Amino acid sequence: GEDQYFNPIWEKYPMNELPRKHLLHRSWKDFCPVMKTLTLYNYLKSNPSKKYFFFFDQSDVLLVDNPEKKLEIFKGRNCNLLYNAESKCMYFAMRIRYSKHYSDTNKYFANYGDVKRFSLKTYGEDCFKDNGAKLCFLNTGGFVCERDFYIDLVEKYFNFIVEFMSTNEQTIFHHLHFMYYPQIQVDHKCEIFQCMGPKKIKINV
């Protein structure tokens with residue numbers, strides 16, 4: 001969140017000039033969630049010292065221990081990018097699906113139903129469950145990744161990401177997860193991450 005990393009994104013992509021800005025669901029002032037992706041990309045390109053990194057949303061994530069202790073679990077998954085899991089398929093938010101502009105946006109993404117069924121089929125049988133809720137859907141609030149993979153992925157889809165900055169990063173990475181599995185996976189057994197809402201879920205530590 002430091003100015004030296006965020007300012008170039010703010011200056012290059014002012015909110016009032018974003019493509020499809022009508023999809024933004026509330027006033028973000030000079031920020032939208034996809035800016036996190038581009039800011040992280042710029043940071044990693046200029047800080048090449050680490051092979052792996054963890055990312056957490058600052059406002060709603062609780063760390064109960066040093067995440068580096070879980071790095072071997074990530075390596076054992078044989079993937080390049082592992083996301084937190086949640087109980088709802090928050091791919092296209094309902095505000096976008098109900099928008100009159102949804103059809104214009106949706107034609108560039110995998111079908112919502114296909115994405116949801118894919119996650120249920122891939123992770124649903126042995127995922128972490130609480131009161132019947134299956135934590136098998138991608139959540140971008142926390143993830144662990146190989147640095148070079150993230151840089152290459154963002155570079156490959158940079159124009160796509162900028163074009164759909166007014167959706168959110170979760171929509172974009174749901175789409176990429178559907179395309180890139182098993183390189184991109186979800187921590188469906190909650191071995192590293194654990195979503196705590198909306199249901200009350202016991203935390204494994």
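Note that the structure is predicted; figures quoted are calculated from it, not measured. Heavy atoms only: backbone and side chains are in, while hydrogens, waters and symmetry mates are out.
Aromatic ring pairs are classed by plane angle as parallel below 30°, tilted from 30° to 60° and perpendicular above 60°; the pair Phe6 and Trp10 is parallel. By the 30° and 60° cut-offs, the orientation of the rings of Phe56 relative to Phe54 is parallel. Ring geometry for Phe158 against Tyr41 counts as tilted: the plane angle lies between 30° and 60°, on a 0 to 90° scale.
In this structure, Phe74 and Asp187 have side chains that are not in contact, with every pair of non-hydrogen atoms separated by 4.5 Å or more. Side-chain contact between Gln185 and Tyr123 is present, with at least one heavy-atom pair separated by less than 4.5 Å. Within the 4.5 Å cutoff, side-chain heavy atoms of Val64 are placed close to those of Leu62. Using a 4.5 Å heavy-atom threshold, the side chains of Cys89 and Tyr112 count as touching. Side chains of Phe92 and Thr105 form a contact here, defined as non-hydrogen atoms less than 4.5 Å apart. Contact of the Phe137 side chain with the Lys116 side chain is registered, since non-hydrogen atoms from C-beta on lie closer than 4.5 Å. With contacts defined as side-chain heavy-atom distances shorter than 4.5 Å, the pair Pro67/Phe193 does not qualify. Contact annotation: the side chain of Cys190 approaches that of Leu135 to within less than 4.5 Å [non-hydrogen atoms, C-beta and beyond].
Applying the side-chain hydrogen bond (donor to acceptor under 3.5 Å, both in side chains) rule to Arg117 yields the partners Asp114; only residues at least two apart in sequence or on another chain are considered. Scanning for side-chain hydrogen bond (donor to acceptor under 3.5 Å, both in side chains) contacts around Tyr150 gives an empty result, with sequence neighbours left out. Listed by chain and residue number, nothing satisfies the side-chain contact (heavy atoms from CB on, under 4.5 Å) test with Lys12 (two or more places apart in sequence, or in another chain).
Exactly one residue among Thr140, Ile161, Thr37 makes a side chain to side chain contact (heavy atoms under 4.5 Å, CB included) with Ile172. That residue is Ile161. A side chain to side chain contact (heavy atoms under 4.5 Å, CB included) with Val144 is found for one member of Asn80, Leu81, Leu82 and no other, namely Leu82. Only one option out of Tyr83, Phe178, Phe143 pairs with Ile184 in a side chain to side chain contact (heavy atoms under 4.5 Å, CB included); it is Tyr83.
Asn47 places a side-chain N or O within donor-acceptor distance of the main-chain N or O of Tyr43, the cut-off being under 3.5 Å. Looking at Thr122, its side chain never comes within 3.5 Å of a backbone N or O of Ser119 through a donor-acceptor pair. His175 places a side-chain N or O within 3.5 Å of a backbone atom of Ala110 that can act as its donor or acceptor partner. Listed for the Lys134 side chain is no donor-acceptor partner under 3.5 Å among the backbone atoms of Phe128. When atom types are taken as modelled, the side chain of Asn139 and the backbone of Ala85 share no donor-acceptor pair closer than 3.5 angstrom. Not one N or O on the side chain of Glu17 forms a donor-acceptor pair closer than 3.5 Å with the backbone of Pro14. Remark: the backbone N or O of Asn7 is not paired with any side-chain donor or acceptor of Asp3 at under 3.5 angstrom. Not a single donor-acceptor pair under 3.5 Å links the side chain of Tyr52 to the backbone N or O of Glu68.
When every heavy atom of Ser87 is checked against every heavy atom of Ala133, the shortest pair comes out as CB-CB, 3.9 Å. Nearest heavy atom pair, residue Met35 against residue Thr39, reads O-OG1, 2.7 Å. Shortest non-hydrogen contact noted between Pro182 and Cys79 is O-CB, 3.2 Å.
Criterion: ILVMFWY side-chain heavy atoms under 4.5 Å apart, direct or through other members. Under it, Val162 and Leu40 are part of a common hydrophobic cluster. Under a hydrophobic-cluster definition in which Ile, Leu, Val, Met, Phe, Trp and Tyr are linked whenever side-chain heavy atoms come within less than 4.5 Å, directly or via other members, Met90 and Val61 are assigned to different clusters. If you chain together hydrophobic residues whose side chains sit under 4.5 Å apart, Tyr157 and Phe164 fall into the same group. If you chain together hydrophobic residues whose side chains sit under 4.5 Å apart, Val154 and Ile151 fall into the same group. Taking hydrophobic clusters as Ile, Leu, Val, Met, Phe, Trp and Tyr residues chained together by side-chain heavy-atom distances below 4.5 Å, Ile192 does not share a cluster with Leu138.
Under 3.5 Å, the side chains of Asn168 and Thr171 contain a donor-acceptor pair of N or O atoms. Side-chain contact annotation: Gln194 with Glu86, donor-acceptor N/O pair under 3.5 Å absent.
Residue pairs that meet the salt bridge (Lys or Arg N to Asp or Glu O under 4.0 Å) test with at least one member in residues 140-162, sequence neighbours left out, are Lys45-Glu155. Sorted by first and then second residue, the salt bridge (Lys or Arg N to Asp or Glu O under 4.0 Å) pairs involving residues 159-168 (not counting sequence neighbours) are Arg20-Glu163. Residue pairs satisfying the salt bridge (Lys or Arg N to Asp or Glu O under 4.0 Å) criterion with at least one member in residues 168-180, sequence neighbours excluded, are listed as follows: Lys36-Glu169.
Note that the CG atom of Leu120 and the CD atom of Glu125 stand 9.5 Å from one another [nearest 0.5 Å]. Distance check: His174 NE2 to Leu176 CG gives 11.5 Å after rounding to the nearest 0.5 Å. To the nearest 0.5 Å, atoms SG (Cys136) and NZ (Lys189) are separated by 13.5 Å.
Checked against a 6.0 Å centroid threshold, the rings of Phe109 and Phe160 count as neighbours.
In Gln58, the CD atom is not crowded: 12 or fewer heavy atoms of neighbouring residues, nucleotides or ligands sit closer than 6.0 Å.
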